[in-house]
Amino acid sequence: MEKIIVRGGRKLSGSVKVEGAKNAVLPVIAATLLASDGKSVIRDVPTLSDVYTINEVLRYLNAEVVFKDNEVTVDASRELKVEAPFEYVRKMRASVLVMGSLLARNGRARVALPGGCAIGSRPIDQHLKGFEAMGATVRVGNGFIEAEATEGRLHGAKIYLDFPSVGATENIMMAATLAQGTTIIENVAKEPEIVDLANFLNKMGAKVRGAGTGTIRIEGVDVLFGAEHNIIPDRIEAGTFMVASAITGGNVLVKGAVPEHLTSLIAKMEEMGVMIEEEADGLRVIGPETLKAVDIKTMPHPGFPTDMQSQMMALLLRANGTGMITETVFENRFMHVEEFRRMNADIKIEGRSVIMNGPSSLQGAEVAATDLRAAAALILTGLVADGITRVTELKHLDRGYVDFHHKLASLGADIERVKEVEETIIEKTYISDMNA
Ligand SMILES: CC(=O)N[C@H]1[C@@H](OP(=O)(O)OP(=O)(O)OC[C@H]2O[C@@H](n3ccc(=O)[nH]c3=O)[C@H](O)[C@@H]2O)O[C@H](CO)[C@@H](O)[C@@H]1O
Ligand SMILES: C=C(OP(=O)(O)O)C(=O)O
């Protein structure tokens, strides 16, 4: 088992480059299955465990996938299998995103039920409602969801989503590209990753309009072709480094950060007293001496992203005054609060909100990452805690951050990633350093 060890107290400075977005690349790779002719080449692909998992799913489905030098090449022209087994879906919920493509391409898809995860129950009823409206029969049994286009091919439909679900918007969009007729999806998600997927689908020959607005219109076509595409920068990784700079009172240029994708985060950080300047190749973030507490409510885009909730909680722990974060997207995304408490945070949960009386005098401790963003948030907290913080359960971190500790170390953080055995040796050295 590995852990990250952080010794708090260093101000960060320099520049860091963000990778391609995890949440854009996963649906784009799932969409490559729609091409029955030609290869797709996807660039700026981050080397994340989730990317390896989706590639494995595609290989299992009989596509040819090569991942080299941040580039994924997919040839999905052979006949595809229809089933995504539990071993993949369990590792990564986003595996359900192959369902729309398989259903469109084969008229049938069988995907293991994803089940809940650390941040909530995460049902997929809105995805299934969309498929049914397009003429699929959906059956659930033996741990699988099976969908079959009753007439062999899906047809266009008008679909209203009860909630602007990112995954449902993507899955229905992909399914509709090869359906007969026009599909109109209302109350859709407007995230930048939806726009990226629509752009890729259009390069493949699809006719998708309205991505980034509340209504998406897709005219079905008969065939889609492989296409080339560069993935957008990861706004959540960018946001995480913005918080890293702000929390340490640092001065960091986050290269590749797209200001239009980060409007709500920039607004909240500025409200807290952080200076954010647009430069030609990214955002410069300068942390103030003292941070002001604010209230934050997570919302679908362009509202404040739930994927930045725990990192901003770390920042609010250092702010003067009482701050509050209300989580409205996931019902159980506060598992990290108990871990923050282990670091001496003055923090409590009240219903769907978390209240912090700051600034907390944070102390290093051994803490466990409870999900992907919690992992990052605990490491950020370690950057300003007194003493040593050890963060375990790094499998969560590796789903969404490439070389996180190296990137922070290059900005001046005192951080390393070690195997448990190595840690004993490092600890001895550190104690003798202190006694020297
Ligand atoms: C791979 C990927 O892109 N993951 C992102 C995606 O997840 P994901 O696509 O799973 O998130 P959704 O937008 O679908 O989920 C948002 C909320 O809607 C609920 N819901 C969703 C679908 C459904 O059929 N029924 C239903 O009730 C979910 O339980 C959740 O409470 O968007 C989330 C919300 O921005 C982000 O946190 C995730 O990082
Ligand atoms: C919740 C997240 O991802 P996923 O939907 O893949 O679990 C995330 O990226 O923070």
Side-chain angles (χ1 to χ4, degrees), residues 19-31 46 48-51 53-54 57 88-100 111 113-133 138 140 145 159-174 185 187-197 231-232 234-240 261 264-265 298-312 327-333 335-336 352 369-377 395-401:
E19 314 278 327
K22 163 180 95 71
N23 288 350
V25 78
L26 299 177
V28 163
I29 292 179
L48 298 172
S49 61
D50 272 13
V51 170
T53 306
I54 193 95
V57 176
Y88 301 118
V89 184
R90 179 178 47 190
K91 259 198 217 156
M92 185 187 71
R93 293 188 80 270
S95 306
V96 298
L97 289 174
V98 298
M99 198 161 183
V111 174
L113 267 170
C117 77
I119 60 178
S121 65
R122 304 184 76 174
I124 57 162
D125 55 301
Q126 298 301 305
H127 307 225
L128 303 182
K129 175 172 114 170
F131 299 151
E132 279 177 333
V138 176
V140 180
I145 316 157
I159 301 155
Y160 174 85
L161 298 182
D162 296 344
F163 181 88
S165 152
V166 172
T169 304
E170 292 167 344
N171 234 340
I172 297 170
M173 238 162 85
M174 289 189 262
I185 328 169
N187 196 29
V188 291
K190 301 176 189 151
E191 270 71 358
E193 292 77 19
I194 302 284
V195 178
D196 204 36
L197 175 62
I231 294 295
I232 54 168
D234 195 315
R235 65 194 163 100
I236 306 301
E237 190 200 9
T240 305
H261 294 175
S264 57
L265 177 69
T298 65
M299 301 280 271
H301 192 77
F304 192 91
T306 171
D307 293 350
M308 280 304 300
Q309 180 250 101
S310 44
Q311 301 90 313
M312 280 301 269
E327 174 60 59
T328 77
V329 178
F330 289 107
E331 74 273 17
N332 188 27
R333 207 173 190 177
M335 302 278 277
H336 42 280
R352 298 198 78 156
T370 49
D371 72 51
L372 155 58
R373 306 303 167 187
K395 63 177 187 289
H396 296 296
L397 184 75
D398 298 337
R399 285 191 48 220
Y401 293 90

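All ligand and atom numbering here is 1-based and tracks the order in the structure.
For the pair Ala168 and ligand 1, no heavy-atom separation below 4.0 Å is found. In this structure, Gln309 falls outside the shell of residues with a heavy atom less than 4.0 angstrom from ligand 1.
In terms of protein heavy atoms, atom 27 (O) of ligand 1 is closest to Pro123 CG, 3.4 Å. Here the heavy atom of the protein found nearest to atom 13 (O) of ligand 1 is Val166 N, 2.8 Å. Among protein heavy atoms, atom 10 (O) of ligand 1 sits closest to Arg122 NH2, 2.9 Å. Closest to atom 25 (N) of ligand 1 among all protein heavy atoms lies Asp125 OD1, 2.8 Å. Among all non-hydrogen protein atoms, the one lying nearest atom 11 (O) of ligand 1 is Phe330 CZ, 4.1 Å.
The structure places CD of Gln126 at 9.5 Å from OG1 of Thr169, a figure rounded to the nearest 0.5 Å.
A donor and an acceptor atom, one from each side chain of Arg352 and Thr328, are nowhere located under 3.5 Å apart.
Set against the non-hydrogen atoms of Val329, the atoms of ligand 1 under 4.0 Å away are 16 (C), 17 (C), 30 (C), 31 (O). In the vicinity of Gln126, heavy-atom distances shorter than 4.0 Å reach the ligand 1 atoms 23 (C), 24 (O), 25 (N). Of all atoms in ligand 1, listed by their number and element, those nearer than 4.0 Å to a heavy atom of His127 are 24 (O). Those atoms of ligand 1 with a heavy atom of Arg333 less than 4.0 angstrom away are 37 (O). With ligand atoms numbered from 1 in the order given, ligand 1 contributes 9 (O), 14 (O) to contacts under 4.0 Å with heavy atoms of Gly167.
The N/O atoms of Ser165, backbone and side chain alike, include one that comes under 3.5 Å of an N/O atom in ligand 1. Checking only distances, Pro164 never comes within under 3.5 Å of ligand 1, N or O to N or O. Below 3.5 Å of separation, one finds an N or O of Asp307 facing an N or O of ligand 1. At a 3.5 angstrom cut-off on N or O pairs, Asn23 counts as close to ligand 1.
When each of Pro305, Ser165, Pro164 is paired with Pro300, the side chain to side chain contact (heavy atoms under 4.5 Å, CB included) condition holds for Pro164 and for no other.
Salt bridge Arg235/Asp307: absent, no basic N to carboxylate O contact under 4.0 Å.
In terms of the ring pair (Phe, Tyr, Trp, His ring centres under 6.0 Å) criterion, residue partners of Tyr88 (sequence neighbours excluded) are, by chain and number, Tyr60. Looking at residues two or more places apart in sequence or on another chain, you find a ring pair (Phe, Tyr, Trp, His ring centres under 6.0 Å) between His336 and Phe340. For the salt bridge (charged side-chain N to carboxylate O under 4.0 Å, His left out) test, no residue two or more places apart in sequence or in another chain qualifies with Lys190.
Checking atom 19 (C) of ligand 1 against the protein gives no heavy-atom contact under 4.0 Å.
Protein residues are said to neighbour a ligand when one of their heavy atoms lies under 4.0 Å from it; for ligand 2 these are Lys22, Asn23, Ile119, Arg122, Asp307, Arg333, Leu372, Arg373, Arg399.
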- Query: Passes side chain to side chain donor-acceptor pair (under 3.5 Å), Thr298 versus Gln309? Steps please.
  - Reply: CA-CA 7 Å; Thr298 65; Gln309 180 250 101; over 6 Å; no
